[in-house]
Structures are given as C-alpha cells and as structure tokens.
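Before any comments, here is the structure.
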Amino acid sequence: MKLRETNVGRSIFRSPDRKTERDRAAGHWSSFLLHIYPVKVRREELHFRYSWYLGVASTVLLASLVVSGVYLMFFYVPSPTTAYGDMQTIQTEVAFGQFIRNVHRWSAHLMVITVAAHMARVFYRGAYKPPREFNWVIGVFLLILTLLLSFTGYLLPWDQLAYWAVTVGTSMADFVPFIGGSAREVLVGGDQVGAATLIRFYVLHVALLPLIMVAFLLVHLWRWRKDAMLDQERPGMGLGPHAGEEGGVGAPPGSGKQGGGE
Amino acid sequence: MKLRETNVGRSIFRSPDRKTERDRAAGHWSSFLLHIYPVKVRREELHFRYSWYLGVASTVLLASLVVSGVYLMFFYVPSPTTAYGDMQTIQTEVAFGQFIRNVHRWSAHLMVITVAAHMARVFYRGAYKPPREFNWVIGVFLLILTLLLSFTGYLLPWDQLAYWAVTVGTSMADFVPFIGGSAREVLVGGDQVGAATLIRFYVLHVALLPLIMVAFLLVHLWRWRKDAMLDQERPGMGLGPHAGEEGGVGAPPGSGKQGGGE
Amino acid sequence: MSDTDPREVEGKRLLGIVPGQPATGERKVPEEQDLVTVWPHLLVRHAVVGVAVLLFVLILGILFDAPLREVANPFETPNPEKAPWYFAALQELLSHFHPLVAGVLVPGAVIVGMIALPYIDRNPAARPALRKVAVVVFTSFLVVWILLTLIGFAFRGENWGWVWPWDEWHGEL
Amino acid sequence: MSDTDPREVEGKRLLGIVPGQPATGERKVPEEQDLVTVWPHLLVRHAVVGVAVLLFVLILGILFDAPLREVANPFETPNPEKAPWYFAALQELLSHFHPLVAGVLVPGAVIVGMIALPYIDRNPAARPALRKVAVVVFTSFLVVWILLTLIGFAFRGENWGWVWPWDEWHGEL
C-alpha cells in the first residue's frame, strides 16, 4: 500500500490517483508548491528561446542566497569590532564556511545579471504590453531591490573593498537636491561609514529588504500565473510572434470576464 | 476620472466596475491580498462564536511582531558585550524604543495564547476532521514554532531573567536519551549559555524560524481556502452542528472532483 | 443576484414599483449554511478584529513596560529559577516526576498525540454530544495543563516551594 | 485525453490494436499556440534549469574564492576608489558630467522611464519589425549601459585614468 493511498497520505496529497490528465490537473491544484503555476501553458513557452529561463534562474539564485545567507548569519556579528574577525573565522574555522561564502557572493553577482537579462528578454518579447504592464512595473522594483540587497551585503565583510565601495556608493546620495544630505545621513547613520552604517546595512540586508523582496516576488509570480490563464481564455491576447496584429488587443484589459478562470 | 478607470489603474486593479455581485467576485480574484480568501463562506462562519476570530488575531499579532521586530533589530547587536547596553539604549534614547519593545513583547505573549486558543476552538468545532486533518497537523507545527520563536526571543535582552529562563529551558534537553546532550550543545553552542548561544538564538529568532513559520502559515492559509471551497461543492462536508450525522462524510476525501473549484 | 436589465422582469415590462411585502411567497430567512460573499461580509469583520487586536497591544505597550532586570550574570543564580511562563507546566511536572518522564516523555506524548489526533478520532460527527470521549479527554488535558501552568507561574517561590501569589509574587513575563 | 474505458471506442468494442498510421486523417502537428499541461512539460524543464543553475554556482564556489582584503581603514583611501561593478556605469558617468546629472538625473530618468515604458508604448505588436522605435531605443540604451559598465569596471585605474585591462587590472568583484 503506497503512502498516498493511506488515510494520512490522502489527507496530505488529496488526489490518490493520477492516471488521467484530469486527475493530474486535480492533483495540481491540491499541491501548494504547484499552485504557483498555471495548469497549462502554450507550447512555445517551453522553448529555451522563449524566456531563456531567466526568471527560473533568478528564483533559484534567490533561494541559494537565502539558504547560504542564513548559514553565514550564524557566524557573523554586525559590529565593526567583530565583523572582520568573524569573516576570517568563517573562512578558516567554520565548516564549509569559505565555500558557503563563495556561493553566496557568486549567487548575488549572478542574480543581478539574470534579473537584468530577464527584464531585457521580457522587453524583446513584448511581454510588458497590456495586460501585463503592472507586472513589468513590479519587475522594475524587483531589479532595484536586487541591486539594493547586493549593495547592502557588499559592506558586511568590513574589509577595504567593502568600506570604500560603500563610501563611494553612498556619497552619490549627497547630490540629490534638498533631501540628499539627510537621506545619506539616515542610511549611513552619521557623517561617514561606521558602526551605525554596519548595523543598518545588516538589518536592511537580512530582514527589511528580503521581506519587501519576497512580498513583491509573490505578487509577481501570482500575476504571471493569472496572465498565463488570461491568455488561454482570450486567444487574441497571446504573446506569439503575430500577437496584436489582427487588432482586438487594443480593447481595455480587465472586463468582468477575465477573473473567471480561477 | 477615477484612478481605477485610467490605463494605469486598469493595469493594476484589472476590474474597473464593481456594480454587480459578479463584478465583485471577478475583482476579488484580481486582488492579490484578497486571493488568500475564498470567494464565499457559509453565513455561520461570520459569527464570533464560530471561530472567536482567533486565527485572524494570531495573524495580526504576527504582523505586529514582524514590524516591531525589524525596528528593534536596527538598534541591537547580538553579542554579550553589547546586547544589554543596546537594550538600555533602546529604552532610553531610541525614538519610541521602549514603546516598540513593549509592543513586541506583549504581542509575543498574546500570540502564544491566541494560537493555543485557536487550536482549542478548532478542536471543539471538530474542524480537524476529514478532509482537514493535515491542516490541523500544520497547525500543531505552527504552535511549536510560535513557542520556539518566543523562547529564542526571550534570551535576547541578555538580562538575568533572560539568561536563567533560557538556562532552565535548555537544560531540559539534557534528559532526552542518547541525542539530548549533543542537541543541547548544538543549540547552546557550548557547555553553558554564552556568546555562542546569543548569536544562535538571534539568528533562529530573526531569520530561520520566521522563514519556516511563514512557509507553514502560507500553506495553512492556502488549505483553509481550499477547504472552504470544498465545503461549498459538497454540502455534506460542511462544519455545521449536524455535520457527519447523515453519513456520507466517511467517504475518502480527495476524489478528482474536489479541485475543480479553483 | 441577477445581472439582467431591471426594466424587464421575466419577459414582462416593469411598469412601476410599489413598496411593501411581495404579494405571494415569504421573505427568505437567511440560513446558517447559506453562502455569503467574503467581501464585504467576512472581510469587514476581520478588519475590525484586526484593528481591535492591534489597538489592544498598542495600549498594553503604553501602559506596561516590558521587564529588564540586571545584566546577565552566570555566577549569580536567581531563586527561584523560572522558565518562561508557557513552559511553567513542564517545569512544575519536573518537580514531581523523573526528568525523563516530565521533560521528555510527557511533552513528546503531547506533541505526538496532537499530531495524531485527526487520524485516531475518525468519528465524523461535529456535535459535542456525539463525540463525548474526545471532548472529555481533550478538556481534561486542557484543564490540567492550564492548572499546572498557573501553579508553576504564580504559586512557586524559593526552591520551588509553594507560595500564595498574594503573599509573594514570583511570576515573570 | 478521454477518461472513457479504452475497450469501448465511440460505442464500438475494440477488437485489437494494429500498429501503424491511422487509416484516415493526418497525425496532428503540435502547434506553438496549443496548450500543454505544466506538469510535466514545463516543470521538468524548470527543474533541469534550476539544478543546472545551482550546480553552476556550487562549482563557481569551489573554483573561485570570494575576495577579502585587509580590514576596513577609514584613513587609507584606495586608489582607484571603485563602487560595486553594477554601479560602475554610474561612476563612469560621474567622471564626465556634473554629479547632479550623472548621479541623480540619469538614474532617476532610467528608473522612471522603465516604470513608464508599458504606459508610453501602447503599440500592441510583438514582432520586432512592427515596433522599430522601441527596439532601437531600448537596444541603444542597453549597449551604452553595458559599455559604460565595462569601462568603469575594467578600463579605469589610478585617479580614474584610462588603463588597458591587460596591462593593469583594477576590477573588483
């Protein structure tokens, strides 16, 4: 007797049989992780050339950053007196410390690239056009959040590279008229980069920005699924190479009908 | 011209007209925050006596804990040399520091109570019965996570109260046969509560446990919505006072049909 | 409910509206099992409860300061040494039974029992009258646990001896 | 596709199966706009891509160590002072224009432009041939930005002077 056919298995998986396509669709809706996906997509979306899979790559890199980041947090105290020593301890004494730190850093750099490239690919596919405008805007914010997360993390090793890169980066804020000087002071917590900056960047990096990022990402994925289902209800809305040429797409999005699918 | 009737507004809200009930249901599905709710519920669920609204109360307390917790993080370095001094600074110098700390602590104590009471209410309503068994199990884990979050947060002020409460609490692990001693050492990071304990409890409290908690909570809410919709398809599955008396509920949950609602 | 044009009722043109009870049929009494839309019915209530809970902790935060004792000192053990209040029941049990029982078996059994509950209790009835065993067992557990928590929290003083809370107060939040 | 019993085909009993092409009609050619189920078609691909990306960073992590220079020293300014590579284009702009332009107006315009793009470009066509203006403007911006990033990252040395990366290397990751 298989697990999914027992009482316990049934209560968890809900759909004991997956023989027909319809069973699979039903099982789909009962799985939490799968429910972020639509049930069906157009065949063209399967090809590498459609999306270059850059959205998936960015999400996987984010997951790798969360896991490696939490591990590193256990060995790092965000204070100038301890930070650099903790980095040395991580690289020499902590189990897999150097390796996890490397993975965290290369994932971060790569994620900046994949998120920016994802955006470019979406542009060339025209996938920011109605009804997807607002998801593009969310995407712009996700790119900015990625840059800010990368930048705040850059300070944490508290070495010369970190210190001066952040000094240069934050000094740009000074040029913003009126609010620039005070914005910089709030961020840096004083005249120059120091203990106050380190704790602020740390909390931004490990708590505040990730919270905002995850919230935006959930909305981004949710709208992606909605839009994929929208396509299927109104064939004219597809993203194929000839989309929009027959007209009929100029109609304002968001009539009462569109939400019916889910 | 109202915002939601412009191009920008349409791309965000999708559903410009909310005149009929059907429009409202459609608009419902286009709103991310609303999509955690089912479209309809049985009238009895509206009453205070049905749930005592303990689930909502727990969620609101969690939100209050996240917001106040992130604020406090900006002024706290998890090291024995600084922790207690940071607490004093928070209480005397930081803007609203004492107040935010109070809110965080009372929210935490209250949340233990509301989560436990939520569980008791669910028991007396019989709402753990098929097909809701697994959501009850997730609820048990959420209670344990609430206790662990509360306990790890208890150490952070690094005063006598915190230190000895955690010493007593962790010493219980010693009595677990075979693995107890080493489990305690991993948790405490040595023989007795010290700097290693503080950073471990801090990271558990601000990163690892909240991540797990939010993941479980999302699944919990998601299944709540699914089950609410399930009720509506099969009237016999309701939770009314006479549920299960006519029979027909003993049938195994999770046929192919159940997922059709969403 | 209907989206049809109100000026046409079931194929006949509407000539006028007269206030009062409908001529035939009874007004529908809302039933408990009827479906209502979440927005606004449930959401408004959730919003009110959420705001009330939030106001409650904000007022608590204004009225009562969180405790902060002296700095942690590993060489000065307070008497009594108390765990946080939600572990007070366990600590009280520990003073009566062998640690293996009170610290491992009892909490382990409670957790396993809670997880297994829906798989043990296969009785589909929801009315308390039809599930007496489950209700009695759960209620007894709950009462014992709350009593133990109260005793451990408020009725224990130096060397875990019995004190009346109105004589000496040792509870710590 | 169908859930009906395979032994009955459209009301007739199935007597046997003969391999080969169907007697009438053509085999359906899958079209790009046809719908396919996400599981397994898309999910398997996503899983493969995910594992590949993960392996890639794990191998990078084994091969290349993240840099760690001497401890931060506020009194010793390195020359050149470089921002992280993703801000190198901005830093390069700063060396040519007034800070208000390069540090505020340009990044502000880029962000606002990106956000406003779908509301400015109301042309519904997806083929590049039918949206030349948008493609040309975006591509020019992208090329200029990548060039500026490369120059700032690899071609700048002491006092932000020009160096060839094969002579002196000042890029920092």
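Chain letters run A, B, ... following the sequence lines, proteins first and then strands; every chain starts at 1.
Between D:Trp85 and A:Ile113, the closest heavy-atom pair is CH2-CG1, 3.6 Å. When all heavy atoms of A:Asn102 and D:Ala66 are compared, the closest pair comes out as OD1-N, 2.8 Å. Taking each heavy atom of D:Arg131 and A:Tyr128 in turn, the nearest pair found is NH2-OH, 3.2 Å. Closest heavy-atom contact between D:Leu42 and A:Val41: CD2-CG1, 4.1 Å.
Most heavy-atom pairs under 4.5 Å with chain D: of the set A:Thr114, A:Leu61, A:Val60, this distinction falls to A:Val60. Interface summary for chain A: among D:Pro128, D:Ala134, D:Ala116, the most heavy-atom pairs under 4.5 angstrom belong to D:Ala134. When the candidates D:Leu142, D:Leu63, D:Asp121, D:Leu68 are compared by the number of heavy-atom contacts under 4.5 Å with chain A, D:Leu68 comes out ahead. By number of non-hydrogen pairs under 4.5 angstrom with chain D, the leading residue of A:Tyr53, A:Phe141, A:Phe48, A:Phe123 is A:Phe123.
For D:Val49, the part lying near chain A is the side chain, with the backbone staying farther off; criterion is any non-hydrogen pair under 4.5 Å. Of the two parts of D:Val104, only the side chain, counted from C-beta on, holds a non-hydrogen atom closer than 4.5 Å to a non-hydrogen atom of chain A. Contact annotation for A:Ala57: both backbone and side-chain heavy atoms come within less than 4.5 Å of a heavy atom of chain D. In this structure, the portion of D:Tyr119 lying under 4.5 Å from any heavy atom of chain A is its side chain and not its backbone.
In this structure, A:Met119 CE and D:Phe138 CZ are separated by 8.0 Å, a value rounded to the nearest 0.5 Å. With rounding to the nearest 0.5 Å, the separation of CD1 in D:Ile120 from CD in A:Glu133 is 12.5 Å. Rounding to the nearest 0.5 Å gives a distance of 14.5 Å between CD of D:Glu70 and OH of A:Tyr163. The structure places CZ of A:Arg101 at 8.5 Å from CG of D:Asp65, a figure rounded to the nearest 0.5 Å.
Inter-residue side-chain proximity for D:Lys82 and A:Val168 is flagged as unmet; no heavy-atom pair is nearer than 4.5 Å.
Figure legend: cation-pi geometry between D:Arg45 and A:Tyr37 absent, as NZ or CZ is not positioned both under 6.0 Å from the six-membered ring centre and within 45° of its axis.
Here the two rings, on A:Phe151 and D:Tyr86, have centers that are 6.0 Å apart or farther.
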